[in-house]
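Take a look at the structure below.
Here is how names work: the chains are called A, B, and so on, in the same order as the sequence lines, proteins then strands, and each is numbered from 1. It should be emphasised that the depicted structure is a prediction, and the values quoted were computed from it without experimental measurement.
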Protein chains: 2
Amino acid sequence: MKHVTIKDIARHLNISTSSVSRAFNNKYDIKKETRELILKTAEEMGYVPNPIAKKLSQNCSLNIGLVVPEIINGYYSKVVIALQEFLTEKGYQVLVMQSDENEVQELKNVKTLINNMVDGLIIAPTAGNKNTSYYIEKYNEGYPIVFLNRVSETLKASKVIFNNINWSFFATEHLIKQQYKKIYHLSGYKNLCVSSERAQGFKKAMQKYNFPSENYKIIETGLLATEGMNIIEKLISSDDIPNAFFCVNDMVALGAMKRLKDKGYKIPDDVAFVGFTETRTAELVTPQLTSVKQPTFEMAKKAGEILLNKINNPNSKTETAIFNGKLNIRKSSIR
Amino acid sequence: MKHVTIKDIARHLNISTSSVSRAFNNKYDIKKETRELILKTAEEMGYVPNPIAKKLSQNCSLNIGLVVPEIINGYYSKVVIALQEFLTEKGYQVLVMQSDENEVQELKNVKTLINNMVDGLIIAPTAGNKNTSYYIEKYNEGYPIVFLNRVSETLKASKVIFNNINWSFFATEHLIKQQYKKIYHLSGYKNLCVSSERAQGFKKAMQKYNFPSENYKIIETGLLATEGMNIIEKLISSDDIPNAFFCVNDMVALGAMKRLKDKGYKIPDDVAFVGFTETRTAELVTPQLTSVKQPTFEMAKKAGEILLNKINNPNSKTETAIFNGKLNIRKSSIR
DNA sequence: TCTAATCCCGGGAACGTTCCCGGAAAATGG
DNA sequence: CCATTTTCCGGGAACGTTCCCGGGATTAGA
């Protein structure tokens, strides 16, 4: 288990450690032959560079911190994978922490990561803005941070976001064109920007198509399937079921759909559904769920690119990337 | 952004760096008052220890490598979270890599992690055994490795596994007791031990209850929903649909169920379903899917415990933990 | 042929800890 | 009061790299 080091190679070849180091870092001031000799004997001696020593001497950790709300959520597990792949290839390691939709936990995670000397952070914040000011402070101090997905367009920091307003507008428009006359929006937490943006898009569509205010409604629920179920219970008991639901995400849609089906409603004949942030499950339920697909991989990768750029080039400008998606129309929303 | 170090504190208090180090590591040979003084001024000066230097000097990385087939799979995202929580609390960091059900990728991941000097590895191997011999070799050299979930009971290494045989026996028995007379098992890859174990459990039940061989069948599919869908197509075209399916996992069950529903079959009246490794979706489809729930968190945590024990106590014995689960009976399998 | 530039390489400090060793001061024992 | 132990602390090497500095050898320029 004893590791062979740069010194062993130097001693073995009777040269200096500097030269060995130079050979590995492909520096200019080394003769081609000696470089090749060093690499060859290093290979033979089974040398692998010690990343920890390297980190200490260059004082950077080559670690990137990633904070997401919930890994079990398919969206964020894709984010994790995408960044994992992208950053590993660039020589970085990714430390993932989840905040469980809890601001206190989130801040704790970020501080843990900073204390562990990550070279930069990618954060998909939870609802609420209690921590944002702290992050912005760090960001303004020059600490490389990129916000992903859950952050408002007005935030003054590098970020990668989805065009929620437009795509929830399109999703709603689709329902309108299918001639559904009474449409409710099941919204997420009010203080979560993606929720409010999606609600805005919904409202915009309602107004553009002159829906009378008694024919649409925005109901705040949450992000979980159970919350979709609960709201249906309430609506049924107050006999207030519309023709169609546009939901803040697939989970809420699936929960609501499930409960309505159990109560004997026919989907989409009695009630139509459109979700958001397409999940794997969307295609496994009956009827299949119409949903807005986001380019998750691309968004995550972009966040990685912006972050690395900031790390390698500290006074690079604040960057904002806004992505568009695709409305996958399935049986849950067509007559 | 300049970090304050142990030396700064030493200089400021006019003491040695050794003492400062001792104060932080709570070593015995330091006076209580000086220790408190040091901690206090360190706090005031905003000192945070540099983990990289610590790692170098103790030559251990305090990193644990975790290799899973697929993070997007709900089971493994739970594993990731559980280990993340457990190991972070113990002062370790977790580096997660996914192998995408690909042996080559898996080996590459493991080697990357080893080169990055992880102190130990937790591996949930993909199907096939090409890499296992390499891992066992490392294990026998004393490298701390714990296998999780996907590994046969006969493997001579520390491992945490689920009692697949018994619980697929119970699941099958449940279908038998519901009076289903013709039951097929949709199995995963043949060379994946969890698949073959689950098939064994199924067969055991069939034999115990004296099912004639024309009334049961084991069909090899895969682990994905689409594979469940495809097999149904085939069975329908050869007019070979049984009364009940016991499936290797929920995804296959959900795919198969979906396709049967689309073709007009009633679940569970025409065909019943039981899955395995309960997913979130199990409760969102109609009818809800009966499934075997595994104690994922506990299993992952146990793997972490065994690993840490091995790291801190290199000649600790090989350990095997076998877990049991629970059959959650829902509408998809009751008359 | 002499000077200046270029090319290589070695020496050694630095990164921020831990930890071993030895010694001074204090406490203990008789 | 002296010898011995205990308590506490400082010095400095070590961990394995990188990187700056300087100097010798080689080449280029006239």
Side-chain angles (χ1 to χ4, degrees), chain A residues 1-39 41-42 45-63 91-93 114-119 312, chain B residues 1-39 41-42 45-63 91-93 114-119 312:
Chain A
M1 285 288 277
K2 186 71 190 71
H3 276 120
V4 23
T5 76
I6 225 174
K7 284 181 191 168
D8 297 322
I9 301 175
R11 208 176 308 127
H12 186 259
L13 288 178
N14 214 8
I15 56 175
S16 74
T17 59
S18 324
S19 297
V20 182
S21 173
R22 272 190 280 259
F24 276 95
N25 295 303
N26 216 347
K27 285 288 177 64
Y28 56 97
D29 54 352
I30 189 166
K31 216 195 309 183
K32 206 175 166 212
E33 296 90 60
T34 46
R35 175 163 176 270
E36 279 162 4
L37 176 65
I38 291 170
L39 293 185
T41 57
M45 294 174 71
Y47 168 75
V48 287
N50 182 330
I52 298 174
K54 180 175 189 161
K55 290 169 184 185
L56 180 61
S57 110
Q58 306 192 133
N59 76 68
C60 68
S61 70
L62 296 177
N63 279 156
Y92 286 83
Q93 289 172 177
I114 289 181
N115 283 348
N116 275 293
M117 317 215 113
V118 291
D119 293 335
N312 298 321
Chain B
M1 286 286 276
K2 187 70 189 72
H3 275 120
V4 23
T5 75
I6 226 174
K7 286 182 190 169
D8 298 322
I9 301 176
R11 206 176 308 128
H12 186 260
L13 287 178
N14 214 9
I15 56 175
S16 74
T17 58
S18 324
S19 297
V20 182
S21 174
R22 274 190 280 260
F24 276 96
N25 295 302
N26 215 345
K27 286 289 176 65
Y28 56 98
D29 52 351
I30 188 165
K31 217 196 307 183
K32 204 174 167 212
E33 296 90 60
T34 46
R35 175 164 176 270
E36 278 162 4
L37 175 64
I38 291 170
L39 293 186
T41 56
M45 294 174 72
Y47 168 74
V48 287
N50 182 330
I52 298 175
K54 179 174 189 164
K55 289 168 184 186
L56 181 62
S57 114
Q58 307 192 132
N59 77 68
C60 68
S61 69
L62 294 176
N63 279 155
Y92 286 83
Q93 289 172 176
I114 289 181
N115 283 347
N116 275 293
M117 316 217 115
V118 291
D119 293 336
N312 298 322

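Atom P of nucleotide dT18(D) and atom CG of N26(A) are separated by 12 Å, given to the nearest angstrom. Between R22(B) atom CZ and dC8(D) atom C1' there is a gap of 8 Å when expressed in whole angstrom units. Distance, K7(B) NZ to dA13(C) C1': 10 Å, rounded to whole Å. Atom pair I6(A):CD1 and dC15(C):P shows a separation of 19 Å (rounding to whole Å applied). Counting to the nearest Å, the P atom of dT18(C) and the CG atom of L62(B) are 11 Å from each other. Rounded to an integer number of Å, the gap from CD1 of I9(B) to P of dC9(D) is 15 Å. Per the geometry, CD1 belonging to I30(B) stands 14 Å off P belonging to dC19(C), to the nearest Å.
Side-chain nitrogen and oxygen atoms of T5(B) include none within less than 4.0 Å of the OP1 or OP2 phosphate oxygen of dG16(C). Taking 4.0 angstrom as the limit, S21(B) places a side-chain polar atom (N or O) nearer than this to OP1 or OP2 of dT18(C). The phosphate of dC15(C) has neither OP1 nor OP2 within less than 4.0 Å of any side-chain N or O from N50(B). In this structure, S18(A) does not reach the dC19(D) phosphate: none of its side-chain N or O atoms is under 4.0 Å from OP1 or OP2. Contact check, S19(B) against dG10(D): a side-chain N or O comes under 4.0 Å of OP1 or OP2.
Between the side chains of S21(B) and S18(B), no donor N or O sits under 3.5 Å from an acceptor N or O.
When atom types are taken as modelled, the side chain of R35(A) and the backbone of A23(A) share a donor-acceptor pair closer than 3.5 angstrom. No donor-acceptor distance shorter than 3.5 angstrom exists from the side chain of D8(B) to the backbone of V4(B), with no hydrogens or angles considered. Looking only at distances, a side-chain donor or acceptor of N50(B) sits under 3.5 Å from a matching main-chain atom of I52(B).
Each end of the helix from dT1(C)-dA30(D) to dG30(C)-dC1(D) yields a helix axis from five base pairs, and these two axes differ in direction by 30° (to the nearest 10 degrees).
Residues T17(A) and N14(B) each lie close to DNA chain D; by heavy-atom proximity, the contact nearer the 5' end of the strand is made by N14(B).
A side chain to side chain contact (heavy atoms under 4.5 Å, CB included) with T17(B) holds for exactly one of K7(B), R11(B), R22(B); it is K7(B).
Near DNA chain C, meaning a heavy atom under 4.0 Å away, the residues from residues 51-58 of chain A are L56(A), S57(A).
Side chain of K31(A), nearest nucleotide from dC9(D), dC8(C), dT17(C): dC8(C). For I15(A), the listed nucleotide lying nearest its side chain is dG10(C); candidates were dC15(D), dG10(C), dT18(D).
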